[in-house]
Chemist: 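Pasting a structure below so you can have a look.
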Amino acid sequence: MKKKINIAIDGYSSCGKSTLAKALAKKLHYNYLDSGAMYRAVTLYAMNAGIAQVGKVDIEALKETLDEIDIDFVNNNGINTIRLNGAEVEGEIRSMEVSNLVSLVSKVAEVRRKLRIMQQKTAIKGGVVMDGRDIGSAVLPDAELKIFMTAQPEIRAQRRYNELHAKGSRISIEDVRVNLLERDRIDTTREENPLIQVAQALVLDNSHLSESEQLDVALGWAREIIEA
């Protein structure tokens with residue numbers, strides 16, 4: 001039996017990291033973990049508790065309540081669904097309100113440390129595909145395959161706009177673009193494990209690739225390492 005490797009996928013917002021990670025995990029029969037969903041769940045908790053509001057987060061209050069936050073995933077017909085304190089919140093965490101605050105919450109060092117421990121436990125035995133902002137650099141620095149995803153900003157904004165409108169949102173594409181650029185700024189400049197392209201990462205620019213084309217590229221990289 002071939003050894004199961006760990007695959008770390010990092011990159012900017014709305015690059016399709018989760019789409020690729022899910023597809024890779026399915027093809028390889030690996031487990032998939034959406035680290036971004038975990039940060040969104042913490043953000044949702046903070047919003048509901050009045051700790052996070054438009055444009056600001058009460059960091060001290062958030063740190064004091066971290067022990068009250070429990071996050072896990074359940075498998076619903078082959079799809080991993082996130083739960084916050086026992087309640088399924090997959091739909092709620094994808095709102096634009098959460099998107100506007102998640103980078104502010106996720107830059108808090110104590111939040112990152114809490115979730116990093118949870119994420120690392122899932123990958124001890126290998127066979128995990130995990131996507132996020134600091135997976136290859138901090139969460140799984142020993143991952144056998146590291147992928148850094150990117151795409152042109154205007155293409156990312158259009159993809160996110162289409163996704164939100166398909167769910168009924170009436171947000172403008174300009175608001176989406178501003179949100180993505182601000183999240184990029186926060187993610188790449190925060191003190192605690194910022195988004196970086198590590199030296200070992202293979203770059204996947206999917207600006208002009210279909211989902212199946214980007215999967216073929218990543219799957220080729222993975223199989224080459226697994227076979228070796």
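Along the sequence shown, residues are numbered consecutively beginning with 1. Scope of the values below: all heavy atoms of this structure, side chains included, with no hydrogens, waters or symmetry mates.
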Chemist: Atom CG of Leu24 and atom CD1 of Ile9: how far apart are they, to the nearest 0.5 Å?
Modeler: 5.5 Å

Chemist: Output yes when a side-chain donor or acceptor of Asp10 lies under 3.5 Å from a complementary backbone atom of Ile135, and no otherwise.
Modeler: yes

Chemist: Taking everything shown except Lys56 itself, do over 12 heavy atoms lie less than 6.0 Å from its NZ?
Modeler: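 Result for NZ/Lys56: open.
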
Chemist: When you compare the side chain of Val54 with that of Asn100, does any pair of heavy atoms fall below 4.5 Å?
Modeler: no

Chemist: What distance separates Leu33 CG from Met38 CE, expressed to the nearest 0.5 Å?
Modeler: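 Taking CG in Leu33 and CE in Met38, the distance rounds to 5.5 Å.
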
Chemist: Go through Leu28 and Leu219 one step at a time and tell me if the side chain to side chain contact (heavy atoms under 4.5 Å, CB included) criterion holds.
Modeler: CA-CA 8 Å; Leu28 296 171; Leu219 198 55; 3.9 Å; yes

Chemist: Before you tell me yes or no, could you show the steps for Tyr45 and Asn85 under side chain to side chain contact (heavy atoms under 4.5 Å, CB included), namely the whole-Å CA-CA distance, both residues' side-chain angles and the distance that decides it to 0.1 Å?
Modeler: CA-CA 9 Å; Tyr45 178 90; Asn85 291 340; 3.7 Å; yes

Chemist: Heavy-atom distance under 4.5 Å between the side chains of Ile5 and Tyr30, does that happen here?
Modeler: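 Yes - at least one pair of side-chain heavy atoms lies under 4.5 Å apart.
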
Chemist: Report yes or no: does Lys17 contribute a side-chain atom to a donor-acceptor pair with the main-chain N or O of Tyr12 at less than 3.5 Å?
Modeler: yes

Chemist: Which pair of heavy atoms, one from Cys15 and one from Ala151, lies closest together, and at what distance?
Modeler: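 For Cys15 and Ala151, the tightest heavy-atom pair comes out as SG-N, 3.6 Å.
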
Chemist: Find out whether Val108 and Val42 are in side-chain contact, i.e. whether some heavy atom of one side chain is under 4.5 Å from a heavy atom of the other.
Modeler: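 Val108 vs Val42: side chains apart.
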
Chemist: Taking the side chain as every heavy atom from C-beta outward, state whether Asp34 and Ile82 have any atom pair closer than 4.5 Å.
Modeler: no

Chemist: Do the side chain of Lys114 and the main chain of Leu66 share a donor and acceptor less than 3.5 angstrom apart?
Modeler: yes

Chemist: Looking just at side-chain N and O atoms, do Arg183 and Ser14 make a donor-acceptor pair shorter than 3.5 Å?
Modeler: no

Chemist: Would you say Leu145 ends up clustered with Ile226 if hydrophobic residues are merged whenever their side chains have heavy atoms under 4.5 Å apart, either directly or through other cluster members?
Modeler: yes

Chemist: Between Gln197 and Ala201, what is the shortest heavy-atom contact and its length?
Modeler: CG-CB, 4.4 Å

Chemist: Identify the two heavy atoms, one from Leu140 and one from Ala123, that lie closest to each other, and give their separation to 0.1 Å.
Modeler: CD2-CB, 3.6 Å

Chemist: State whether a side-chain donor-acceptor pair under 3.5 Å links Ser18 with Tyr32.
Modeler: yes

Chemist: Does atom CD (Glu211) have a neighbourhood of more than 12 heavy atoms from anything else shown, all under 6.0 Å?
Modeler: no

Chemist: Assess the residue pair Asp184 and Ser13 against the criterion (side chain to side chain contact (heavy atoms under 4.5 Å, CB included)); give the C-alpha distance rounded to whole Å, side-chain angles, the decisive distance to 0.1 Å, and a yes or no.
Modeler: CA-CA 7 Å; Asp184 289 348; Ser13 299; 4.2 Å; yes

Chemist: Are Ile171 and Leu181 connected in a single hydrophobic cluster, I mean Ile/Leu/Val/Met/Phe/Trp/Tyr linked by side-chain heavy atoms less than 4.5 Å apart?
Modeler: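 No, because Leu181 and Ile171 fall into different hydrophobic clusters, even though each may have its own neighbours under 4.5 Å.
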
Chemist: Can you name the closest pair of heavy atoms from Lys146 and Gly136 and give their distance?
Modeler: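 Nearest heavy atoms, Lys146 then Gly136: NZ-O, 3.1 Å.
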
Chemist: Shortest non-hydrogen contact from Leu101 to Val57?
Modeler: CD2-CG2, 4.3 Å

Chemist: Quick one: do the Asn179 and Arg160 side chains pair a donor with an acceptor below 3.5 Å?
Modeler: no

Chemist: I need the Thr19 OG1 to Met149 CE distance, nearest 0.5 Å.
Modeler: 8.0 Å

Chemist: Just verifying a value: how many Å separate Asp205 CG and Ile155 CD1, rounded to the nearest 0.5 Å?
Modeler: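 Going from CG on Asp205 over to CD1 on Ile155, the span is 8.0 Å.
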
Chemist: Any chain of hydrophobic side-chain contacts (each under 4.5 Å) joining Met118 to Val105?
Modeler: yes

Chemist: Charged N to carboxylate O below 4.0 Å: is that the case for Glu90 and Arg94?
Modeler: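 Counted as a salt bridge, because a side-chain N and a carboxylate O are separated by less than 4.0 Å.
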
Chemist: To the nearest 0.5 Å, tell me how far Arg190 CZ sits from Arg133 CZ.
Modeler: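 With rounding to 0.5 Å, CZ (Arg190) is 7.5 Å from CZ (Arg133).
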
Chemist: For residues Val203 and Thr150, determine if any side-chain heavy atom of one lies less than 4.5 Å from a side-chain heavy atom of the other.
Modeler: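 A side-chain contact under 4.5 Å exists here.
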
Chemist: Taking Ser172 for its side chain and Asp175 for its backbone only, find out whether a donor-acceptor pair lies under 3.5 Å.
Modeler: yes

Chemist: Around atom CD of Glu224, are there more than 12 heavy atoms from other residues, nucleotides or ligands closer than 6.0 Å?
Modeler: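 Counting neighbours around CD of Glu224, 12 or fewer heavy atoms of other residues, nucleotides or ligands fall under 6.0 Å, so no.
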
Chemist: Quick check: do Asn6 and Glu144 have side-chain heavy atoms less than 4.5 Å from each other?
Modeler: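 Contact flag for Asn6/Glu144 side chains = yes.
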
Chemist: In sequence, state the C-alpha distance, the side-chain angles, and the governing distance for Tyr161 and Arg177, and then conclude on side chain to side chain contact (heavy atoms under 4.5 Å, CB included).
Modeler: CA-CA 9 Å; Tyr161 173 82; Arg177 187 186 70 82; over 6 Å; no

Chemist: Is Ile196 linked to Leu204 within one hydrophobic cluster, defined over Ile, Leu, Val, Met, Phe, Trp and Tyr using a side-chain heavy-atom separation of less than 4.5 Å?
Modeler: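 Unlinked, Ile196 and Leu204 end up in two clusters.
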
Chemist: I'd like to know if the side chain of Arg112 reaches the main chain of Ser106, judged simply by a donor and an acceptor atom lying under 3.5 Å from each other, with no hydrogens or angles considered.
Modeler: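 Yes, Arg112 side chain to Ser106 backbone: donor-acceptor pair under 3.5 Å.
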
Chemist: Please tell me whether Trp221 and Val198 are part of a single hydrophobic cluster in this structure, the criterion being side-chain heavy atoms less than 4.5 Å apart.
Modeler: no

Chemist: Just wondering, do Arg40 and Leu44 contact through their side chains at under 4.5 Å, heavy atoms?
Modeler: no

Chemist: So that I can tick it off, tell me whether Arg159 and Glu163 are bridged by a salt bridge, with the cut-off set at under 4.0 angstrom between side-chain N and carboxylate O.
Modeler: no

Chemist: Do you know which two heavy atoms are closest between Asn193 and Arg116, and how far apart they sit?
Modeler: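 Minimum heavy-atom separation between Asn193 and Arg116: OD1-NH2, 2.5 Å.
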
Chemist: Side-chain contact, heavy-atom cut-off 4.5 Å: Thr122 with Asn31?
Modeler: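 They are not in contact (no side-chain heavy atoms under 4.5 Å apart), so the answer is no.
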
Chemist: Can you confirm whether more than 12 heavy atoms, excluding those of Glu174, are under 6.0 Å from its CD atom?
Modeler: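 More than 12 within 6.0 Å, yes.
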
Chemist: I'd like to know whether Ser207 forms a side chain to side chain donor-acceptor pair (under 3.5 Å) with Arg156, so could you lay out the CA-CA distance, the side-chain angles of the two residues, the decisive distance to 0.1 Å, and finally the verdict.
Modeler: CA-CA 8 Å; Ser207 296; Arg156 293 193 285 134; over 6 Å; no

Chemist: Rounded to the nearest 0.5 Å, what separation is found between the CD1 atom of Ile7 and the CD1 atom of Ile225?
Modeler: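 These two atoms lie 7.5 Å from each other.
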
